[in-house]
Number of protein chains: 2
Amino acid sequence: MDTVLLDVFRTVAHLGSITAAARRLQFTQSAVSRQIATLEAELGTRIFDRLPRGVALTEEGRTLLPHADAILDRLAAARRAVDDLHTLRAGRLRVAAFPTAVAALVPRALAAFRAAHPEVAVSLIEGLTPTLLERLATGEADVAVVSESPAGPIDTTRFDLHHILDERLLVAVSRTHRLARRRTVRLSELEADSFVAGSAHAEETLLRASLPTGFRPRIDIVAADWTGKLGCVAAGLGIALIPALAMRSKPADVALLRLHPDDEPTRRIHAAARAGHTPPPAVTSFLPLLKESLDPLWSR
Amino acid sequence: MDTVLLDVFRTVAHLGSITAAARRLQFTQSAVSRQIATLEAELGTRIFDRLPRGVALTEEGRTLLPHADAILDRLAAARRAVDDLHTLRAGRLRVAAFPTAVAALVPRALAAFRAAHPEVAVSLIEGLTPTLLERLATGEADVAVVSESPAGPIDTTRFDLHHILDERLLVAVSRTHRLARRRTVRLSELEADSFVAGSAHAEETLLRASLPTGFRPRIDIVAADWTGKLGCVAAGLGIALIPALAMRSKPADVALLRLHPDDEPTRRIHAAARAGHTPPPAVTSFLPLLKESLDPLWSR
DNA sequence: GTGATGCCATGCCACCAGCGAATGTCGAGC
DNA sequence: GCTCGACATTCGCTGGTGGCATGGCATCAC
């Protein structure tokens, strides 16, 4: 059944006249007359009594009226809901991101998103790239901020990648370190140094994955997170490799050196979405914000 | 919007395949494909992602689905409600009737109606004919059981009348009365008798309206209702005119005489419905029951 | 790799549903 | 009795809708 019939019915019932309803609905009288006749045929009963002046609802019509109202209201609500989703007056945005991105990049972008679209419910899950992609694939997340190294390429047949930045790896040394004044160093110059490494397995992976094979760093100190690591470095206990993304601002007590371009590992940060699936509107709107949130410190 | 689109949408969403939905709905695949496209155009957004094997809901589609379900369910409920009304599995029957009819005629018919259609809510209002007709006209009652005398004809342009019976007026006399053995009497034979009249104004009207002008009954006793009146008659205190309709059964202690046809007033009992209005299904079903409930005692 | 298969989109055609304009019908009111 | 207002009906036409056939794409079997 066409809901236009119900709208016509409602209007006729309200105005008590086919002719008046036709005027209001921009139809001809004959059209409305036949639409009512069609509706009556479909229901198998008369819904209006034809009076000398206009029409009046029958018992059946009176029964139908609230249903027609409810159906049309719900239809309008459906349109509104879909439209709200489209214009970001409703909906949700579930971001998944790897730990380093959660330090600053993703929170900044999420904050900007929430400011722009306060009615969209945002949520954030932290995890390692393979897990994030799995969540994305199962629909538990709408977008995943992931890192890709040559060692672990991402299946682009399953995921659409939006490149955010190429991550820079910095060498943190104490201000009194012999290389503290340098802008750029080569890895070979650090063979004699002791490294402060993270205790987390992820950091192991980072170090191993990031550095050229054959380079065997000396590790004397293990610190859990970036803040502790930087403390050790500042105290001159060793040097550390720090992803630029982990630096929320330039620290005062350590020097940050860039690696020579040939030594720098290539870790590309992407926002990933499910391939073949149209991203929810919130994701489409979120991606540009991720790029706008970039700090010049982070990428080369 | 055609609700068929919503049904197609629902089926496609459920089966995850346009082709499968087409099979189930007895459409061709192309038809369903374009119906989905039409729905998407109407909403201004994609509601399905086209995958290599079938389709999957987008965020917008997921939002729409519960609305589609609700709309279709409500539509089905509307059809059912109208149909129930039609088949008397629901609805109401509001009967208005004049007092004498409420004695036995209408209750019997209502009981039969309720037995046949227990899910229809029945109600009954008692009143005098002009009031009843007014209620009918304003829609407060669905059908009115009214009496019509030559003195008060009913406007048949406003009301459709269904003749139920021509009311018989009986003369109640005690078993020891001089006419107790007669079957028929003439009014002129009763001039010497004392009449037991009702105290109600209605009874005054009945007596005056029923009897030929010029006949002046002698009234010594006034009794409120038919039972009391019959009690007086049985005790030999006088005689009474009783509408046959008021007799729920043949009483043992009084004799009931018919009036000679020429003396009998013509009061026609009708079921009245609003002219020009299709009666509610319950009324259509109720009218035959009124005639079937007739007691042979009542009418000539 | 190559053909077969399954799925969706689309071009084309035929059909009919629904619209508008005009006319018919009926009752009310003057 | 005439006019007016309101709904129904008829007729011709157009646009929408479905079916058929085809094409593109991805997957699967061999």
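Quantities reported herein were computed from a predicted structural model and do not represent experimental measurements. Every heavy atom of this structure was used, including side-chain atoms; hydrogens, water molecules and symmetry mates were not.
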Value in whole Å for how far the [atom2] atom of [N] lies from [atom1] of [X]:
| X | N | atom1 | atom2 | value |
| --- | --- | --- | --- | --- |
| Arg50(B) | dC7(C) | CZ | P | 15 Å |
| Leu15(A) | dA6(D) | CG | P | 12 Å |
| Asp2(B) | dG18(D) | CG | C1' | 13 Å |
| Asp49(A) | dA6(D) | CG | P | 18 Å |
| Arg23(B) | dC8(C) | CZ | C1' | 13 Å |
| Arg158(B) | dA28(C) | CZ | C1' | 15 Å |
| Ile47(B) | dC8(C) | CD1 | P | 13 Å |
| Ile36(A) | dT9(D) | CD1 | P | 14 Å |

Return each pair, listed once, that meets ring pair (Phe, Tyr, Trp, His ring centres under 6.0 Å) where at least one residue sits in [range]; pairs must be two or more places apart or across chains.
| range | value |
| --- | --- |
| residues 120-150 of chain A | none |
| residues 37-56 of chain A | Phe9(A)-Phe48(A) |
| residues 65-94 of chain B | none |

Indicate yes or no for a side-chain donor-acceptor contact from Ser285(A) to the backbone of Pro281(A) under 3.5 Å, with no hydrogens or angles considered. no
Does anything in residues 13-25 of chain A pair up under side chain to side chain donor-acceptor pair (under 3.5 Å), and if so which pairs, sequence neighbours excluded?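 Qualifying pairs, neighbours excluded: none.
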When you check the phosphate oxygens OP1 and OP2 of dA6(D), does a side-chain N or O of Ser17(A) lie under 4.0 Å from one of them? no
Considering just the side-chain nitrogens and oxygens of Thr19(B), establish if one lies under 4.0 Å of OP1 or OP2 belonging to dG6(C).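 Answer is no, no contact under 4.0 Å.
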Can you pull out every salt bridge (Lys or Arg N to Asp or Glu O under 4.0 Å) where at least one residue sits in residues 120-145 of chain A? Sequence neighbours excluded, please. Arg94(A)-Asp142(A)
So if I define the base as every atom that isn't primed, P, OP1 or OP2, how would nucleotides 14-27 of chain C read as a B/S/- string at a heavy-atom cutoff under 4.0 Å? -----BBBB----S
